[in-house]
Protein chains: 2
Amino acid sequence: MTAKITVEPSQKRQQAKQLREQQLLILAQQILQQDGFAGLTMDRLTALSSVSKGTIYNHFCSKEDLFTALSVDSLQRQLQLFQRALQIPGHSREQVLALHLAYHRFSMTEPTLFLCLLTATTPAVVEKSSPARLALRQQLELQLAAICQQLITAAIAEGSLQLAAGQSVDALAFVQWAQAFGANALLKPTQQLGLFSQLQPQPTMLLGVNLLLDGLNWKPLSSDWDYHASWQRIMTILATEAPGADGQLN
Amino acid sequence: MTAKITVEPSQKRQQAKQLREQQLLILAQQILQQDGFAGLTMDRLTALSSVSKGTIYNHFCSKEDLFTALSVDSLQRQLQLFQRALQIPGHSREQVLALHLAYHRFSMTEPTLFLCLLTATTPAVVEKSSPARLALRQQLELQLAAICQQLITAAIAEGSLQLAAGQSVDALAFVQWAQAFGANALLKPTQQLGLFSQLQPQPTMLLGVNLLLDGLNWKPLSSDWDYHASWQRIMTILATEAPGADGQLN
DNA sequence: CAGAATTATTGACGATTCGTCATTCTAGTT
DNA sequence: AACTAGAATGACGAATCGTCAATAATTCTG
């Protein structure tokens with residue numbers, strides 16, 4: 001039937017549409033960086049883009065949906081960083097550390113994108129986002145969670161970690177995630193408010209991870225290994241391997 | 001001079017004003033509970049209140065400022081709960097557990113207020129809130145932090161806890177706070193999205209606390225004490241001691 | 001206590017921002 | 001070239017925010 005004839009151009013269209021969506025998201029980020037969250041309005045986005053408002057609303061069903069889209073972008077970046085961090089050689093506990101470090105680095109180098117993630121967690125945003133985009137976000141979070149779970153499972157198989165009573169792979173992944181999210185989300189606003197102002201970010205992050213993993217008895221313990229050195233090593237690799245915002249191989 | 005004559009009535013005014021502000025905040029909470037965050041508009045708040053819009057803007061310089069005010073309310077409630085939790089008998093580590101439990105209980109029994117706290121962390125809200133109210137929030141957070149720091153300091157003095165190299169009272173307080181904030185903030189949205197849906201909230205919270213404190217070697221370790229029993233005991237006391245939302249003694 | 005002075009309240013109004021939709025345009029098909 | 005399906009446009013209506021001149025209430029003074 002007309003299947004091929006209609007599908008083929010539709011694919012081209014879809015590609016062009018997705019490309020433009022990416023450009024719109026980049027533009028939105030620029031506005032956020034430059035003028036803050038209060039400076040981002042749909043009219044302004046329209047004015048600075050090459051398309052009309054109607055077209056923008058063809059992509060995002062509401063302003064809040066745009067924020068959720070930005071958070072999806074954020075998660076995709078995180079996923080890339082996580083996958084890169086996993087390639088760094090080291091024992092299993094160092095790999096956990098690498099994930100935390102990648103997360104922290106992301107929150108520092110891309111504060112705007114990270115704040116979008118925080119904003120998209122807010123009920124006001126969730127309530128007005130499209131179900132399709134919320135599903136997309138859920139899918140990405142599932143992938144991120146899967147990475148953590150794989151790491152934990154591998155460590156158990158390998159013998160570095162043993163599950164005690166009342167522990168589960170899911171629970172451990174959640175606790176790690178909560179620590180990373182909480183610490184990175186609170187760091188900036190907390191220091192802006194003058195609270196904990198004399199706290200050094202990196203050692204504090206490392207401390208949090210070490211406490212959790214020592215509590216799990218995940219070998220080698222922080223008393224038997226210099227994780228400060230591991231942190232420095234991983235940091236250097238992450239910083240040199242991905243100097244730009246280039247998402248593609250080269 | 002006219003000092004006394006002008007100060008005295010001004011105090012009455014101020015009191016009445018504060019009372020009305022509380023009523024407005026309660027009304028805002030009711031609207032949020034009933035119609036969600038998208039249902040709260042200044043016009044609606046005006047319509048349901050006994051004052052006019054101008055008067056409301058006399059209290060809150062913007063809609064965002066109202067959210068920050070709600071977060072201040074939230075922190076005040078937390079402070080009350082913390083002070084109550086500290087009165088529960090037990091060793092120092094049980095008291096830390098009591099704080100975490102109070103925090104968790106608050107996030108469960110007053111989800112709306114807790115979400116206001118999350119919302120008020122958002123840059124869009126911070127940017128448009130009044131400096132005065134932001135300062136108020138900072139002051140309350142300082143008080144909450146002080147409680148945590150006191151607990152840690154006391155434990156060190158008493159011998160249940162020893163600071164290792166690279167640790168500080170501030171850092172420990174921050175890590176605890178991050179864990180509590182992250183876990184409670186992520187729990188709801190995470191479960192709504194179907195992620196970690198089979199996770200039991202309370203055991204997971206307990207796990208997070210135990211890992212951190214075991215990692216710190218805060219005595220007695222979870223292997224030497226039944227913290228599940230402690231959790232139950234503290235939970236019962238908190239639930240019976242404060243049945244209603246009554247903030248005053250009776 | 002009358003009236004002046006100061007302060008608070010009101011709600012209609014302007015301004016901003018969101019989101020829609022009838023119309024126009026484009027690209028592919030016959 | 002004519003036709004058609006679908007996308008883009010931007011002027012417009014709707015919703016919401018925030019203001020301010022007019023009004024009311026309260027406090028001060030002679």
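Treat the numbers as computed from the prediction; the structure is a model and nothing was measured.
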Between B:Gln179 and B:His100, do the side chains contain a donor N or O and an acceptor N or O under 3.5 Å apart? no

When rounded to whole Å, the CG to P distance for the pair B:Leu66 and D:dT16 reads 15 Å

Applying ring-ring contact (aromatic ring centres under 6.0 Å, His included) to A:Phe37 and not counting sequence neighbours gives A:Phe67

Residue pairs meeting ring-ring contact (aromatic ring centres under 6.0 Å, His included), one or both in residues 121-140 of chain A, sequence neighbours left out, come to none

Across all chains, not counting sequence neighbours, the side-chain contact (heavy atoms from CB on, under 4.5 Å) partners of B:Ala135 are none

Applying side-chain hydrogen bond (donor to acceptor under 3.5 Å, both in side chains) to A:Gln83 and not counting sequence neighbours gives none

- Pick base, sugar-phosphate or nothing for A:Arg44, based on heavy-atom distances below 4.0 Å to the nucleic acid. nothing

(request) Have a look at B:Ser62 and say if it touches a base, only the backbone sugar-phosphate, or nothing, with a 4.0 Å heavy-atom cut-off. (result) sugar-phosphate

Rounded to whole Å, the CG-C1' distance (A:Asp43 to D:dT9) equals 14 Å

One pair to check against salt bridge (charged side-chain N to carboxylate O under 4.0 Å, His left out): A:Glu141 and A:Arg137. What are the steps and the verdict? CA-CA 6 Å; A:Glu141 285 183 335; A:Arg137 183 174 129 202; 3.7 Å; yes

Whole-Å distance, B:Asp65 CG to D:dC17 P, equals 14 Å

Rounded to whole Å, CZ of A:Phe60 lies from P of C:dT20 at a distance of 15 Å

Please determine whether a side-chain nitrogen or oxygen atom of B:Arg20 lies at a distance below 4.0 Å from atom OP1 or OP2 of C:dT9.
yes

Separation of D:dA8 atom C1' from A:His59 atom NE2, nearest Å, is 10 Å

From CG of B:Asn58 across to P of C:dG11 the rounded distance in Å is 15 Å

What pairs of donor and acceptor atoms, side-chain ones from residues 46-54 of chain A against any protein atom, are under 3.5 angstrom apart with sequence neighbours left out?
residue, atom, partner, partner atom, Å
A:Thr46, OG1, A:Met42, O, 2.8
A:Ser49, OG, A:Leu45, O, 3.4
A:Ser49, OG, A:Thr46, O, 3.1
A:Ser49, OG, A:Val51, N, 3.3
A:Ser49, OG, A:Val51, O, 3.2
A:Ser52, OG, A:Thr55, OG1, 3.4
A:Lys53, NZ, A:Asp43, OD1, 2.9

By salt bridge (charged side-chain N to carboxylate O under 4.0 Å, His left out), A:Arg20 pairs with (sequence neighbours left out) none

Residues passing the ring-ring contact (aromatic ring centres under 6.0 Å, His included) test with A:Phe60, sequence neighbours excluded, are none

_When you measure from the side chain of B:Gln202 to the backbone of B:Leu101, do you find a donor-acceptor pair of N or O atoms at a distance under 3.5 Å?_
no

Residues of residues 119-135 of chain A with a heavy atom under 4.0 Å from any atom of DNA chain C, listed by number, are A:Lys128

Residue set satisfying salt bridge (charged side-chain N to carboxylate O under 4.0 Å, His left out) with A:Asp73, at least two apart, ordered chain then number -> none

Exercise for review: Report yes if a side-chain nitrogen or oxygen of B:Thr55 is closer than 4.0 Å to either non-bridging phosphate oxygen (OP1 or OP2) of C:dT10; otherwise report no.
Suggested key: yes

Rounded to whole Å, the CD-C1' distance (B:Glu64 to D:dG18) equals 11 Å

Its contact letters, B for base, S for sugar-phosphate only and - for none at protein heavy atoms under 4.0 Å, make nucleotides 19-25 of chain D read B------

Sorted by chain and residue number, the ring-ring contact (aromatic ring centres under 6.0 Å, His included) partners of A:Phe181 (sequence neighbours excluded) come out as none

Ordered by number, residues from residues 29-42 of chain B within less than 4.0 Å of DNA chain D (heavy atoms) are B:Thr41, B:Met42

In whole angstroms, the gap separating P of C:dG19 from CG of A:Leu45 amounts to 13 Å

